[in-house]
S.K.: 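Can you read through this structure? Questions will come right after.
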Amino acid sequence: AQSVAQPEDQVNVAEGNPLTVKCTYSVSGNPYLFWYVQYPNRGLQFLLKYITGDNLVKGSYGFEAEFNKSQTSFHLKKPSALVSDSALYFCAVRDWRRDDKIIFGKGTRLHILP
Amino acid sequence: GAGVSQSPRYKVAKRGQDVALRCDPISGHVSLFWYQQALGQGPEFLTYFQNEAQLDKSGLPSDRFFAERPEGSVSTLKIQRTQQEDSAVYLCASSLARGGATNEKLFFGSGTQLSVL
């Protein structure tokens with residue numbers, strides 16, 4: 001069965017610095033990979049996805065993520081963090097050869113320090 | 001409506017009581033998912049519909065949990081004889097895509113926070 005690991009419960013970054021939120025995945029087939037963000041008192045929002053093609057995908061709010069098949073990773077990155085990026089970030093995976101369900105990681109809380 | 005709507009926003013139930021949680025997906029969205037999110041955890045998959053067909057219910061934790069989407073639009077998640085461990089936020093998400101294609105962009109509702117006393 002597919003699974004997602006987010007090894008960090010919390011990441012602290014100073015405003016203006018680059019940020020990375022880590023994600024590794026496990027699937028038996030080919031993965032579809034996603035990042036979602038959850039702001040306080042709001043529903044989860046789609047940030048970006050990897051389906052196929054270029055390993056570096058760009059998404060909303062200046063975020064990007066790099067698919068690394070050999071390391072089974074899909075880390076979320078941003079070159080320069082904003083205080084408004086502070087939120088809860090979830091990595092998710094779907095094994096497209098098996099079924100349609102999308103499995104989420106436990107989340108990483110990102111704190112951007114002014 | 002403009003987004004996925006869930007009701008009620010908050011539900012307090014006494015242990016043993018039955019509850020019903022409603023989800024109104026975005027009009028025209030084929031796929032509908034239910035997730036359970038415990039405090040400090042990620043969303044846990046419960047079940048998935050494509051139109052009115054429940055294609056996957058592997059995540060439902062017990063036979064006390066039941067979901068339906070009889071007309072392929074509104075969905076209801078029912079929990080019978082609620083227990084304290086059922087306390088969580090229940091999230092509904094919908095997607096335009098059909099199964100087999102990429103359900104890649106899920107639109108989530110704000111959730112129903114269920115507290116079982």
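Numbered from 1 within each chain, the chains take letters A, B, ... in sequence-line order. Predicted, not measured: the structure shown is a model, and the values here were computed from it.
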S.K.: Count the heavy atoms belonging to other residues, nucleotides or ligands that lie under 6.0 Å from CZ of B:Arg64, then report whether that count exceeds 12.
M.R.: yes
S.K.: In this structure, are over 12 heavy atoms from other groups packed under 6.0 Å from B:Leu117 atom CG?
M.R.: yes
S.K.: B:Leu32 and B:Ile26: same hydrophobic cluster, using ILVMFWY side-chain contacts below 4.5 Å?
M.R.: no
S.K.: Applying the 4.5 Å side-chain criterion to the ILVMFWY set and letting contacts propagate, would A:Tyr36 and B:Val89 be lumped into a single cluster?
M.R.: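 Yes, it is one cluster - the side chains of A:Tyr36 and B:Val89 are joined through contacts under 4.5 Å.
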S.K.: First locate atom CD1 of A:Ile102, then atom OG of B:Ser95, and finally report the distance between them rounded to the nearest 0.5 Å.
M.R.: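 Between A:Ile102 CD1 and B:Ser95 OG, I get 7.0 Å after rounding to 0.5 Å.
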S.K.: Examine whether an atom of A:Gln6 lies under 4.5 Å from a heavy atom of chain B, and if so say whether it belongs to the side chain, the backbone or both; otherwise answer neither.
M.R.: neither
S.K.: Report, as yes or no, whether the 6.0 Å neighbourhood of atom CD on B:Glu71 holds more than 12 heavy atoms from other residues, nucleotides or ligands.
M.R.: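 For B:Glu71, atom CD is not crowded (no more than 12 foreign heavy atoms under 6.0 Å).
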S.K.: Go through B:Phe108 and A:Phe46 one step at a time and tell me if the side chain to side chain contact (heavy atoms under 4.5 Å, CB included) criterion holds.
M.R.: CA-CA 9 Å; B:Phe108 280 85; A:Phe46 173 85; over 6 Å; no
S.K.: Any sub-3.5 Å donor-acceptor pair from B:Tyr35's side-chain atoms to A:Ile103's backbone N or O?
M.R.: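 No, B:Tyr35 side chain to A:Ile103 backbone: no donor-acceptor pair under 3.5 Å.
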S.K.: Sequence neighbours left out, what passes side-chain hydrogen bond (donor to acceptor under 3.5 Å, both in side chains) with B:Trp34? Give chain and number order.
M.R.: B:Ser75
S.K.: Locate the shortest heavy-atom distance separating B:Gln37 from A:Phe90; write the atom from each residue and the value.
M.R.: NE2-CZ, 3.4 Å
S.K.: With a 3.5 Å cut-off and no angle check, do the side chains of A:Lys101 and B:Thr47 form a donor-acceptor pair?
M.R.: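 On atom types as modelled, these side chains do not qualify, holding no pair under 3.5 Å.
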S.K.: Determine whether B:Leu106 and A:Phe34 make a side-chain contact, defined as any pair of heavy atoms from C-beta on separated by less than 4.5 Å.
M.R.: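 Counting from C-beta outward, B:Leu106 and A:Phe34 never come under 4.5 Å.
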S.K.: What parts of residues 105-114 of chain A touch chain B if we use heavy atoms and a cut-off under 4.5 Å?
M.R.: A:Gly105, A:Lys106
S.K.: Just to verify, what does A:His75 make a side-chain hydrogen bond (donor to acceptor under 3.5 Å, both in side chains) with, not counting sequence neighbours?
M.R.: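 For A:His75 there are no side-chain hydrogen bond (donor to acceptor under 3.5 Å, both in side chains) partners, ignoring immediate neighbours.
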S.K.: Which atom pairs, donor and acceptor, lie under 3.5 Å between side-chain atoms of residues 55-63 of chain A and protein residues at least two apart or in another chain?
M.R.:
| residue | atom | partner | partner atom | Å |
| --- | --- | --- | --- | --- |
| A:Lys58 | NZ | A:Glu64 | OE1 | 2.9 |
| A:Tyr61 | OH | A:Gln45 | OE1 | 3.4 |

S.K.: Are B:Tyr90 and B:Val4 connected in a single hydrophobic cluster, I mean Ile/Leu/Val/Met/Phe/Trp/Tyr linked by side-chain heavy atoms less than 4.5 Å apart?
M.R.: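 Different clusters.
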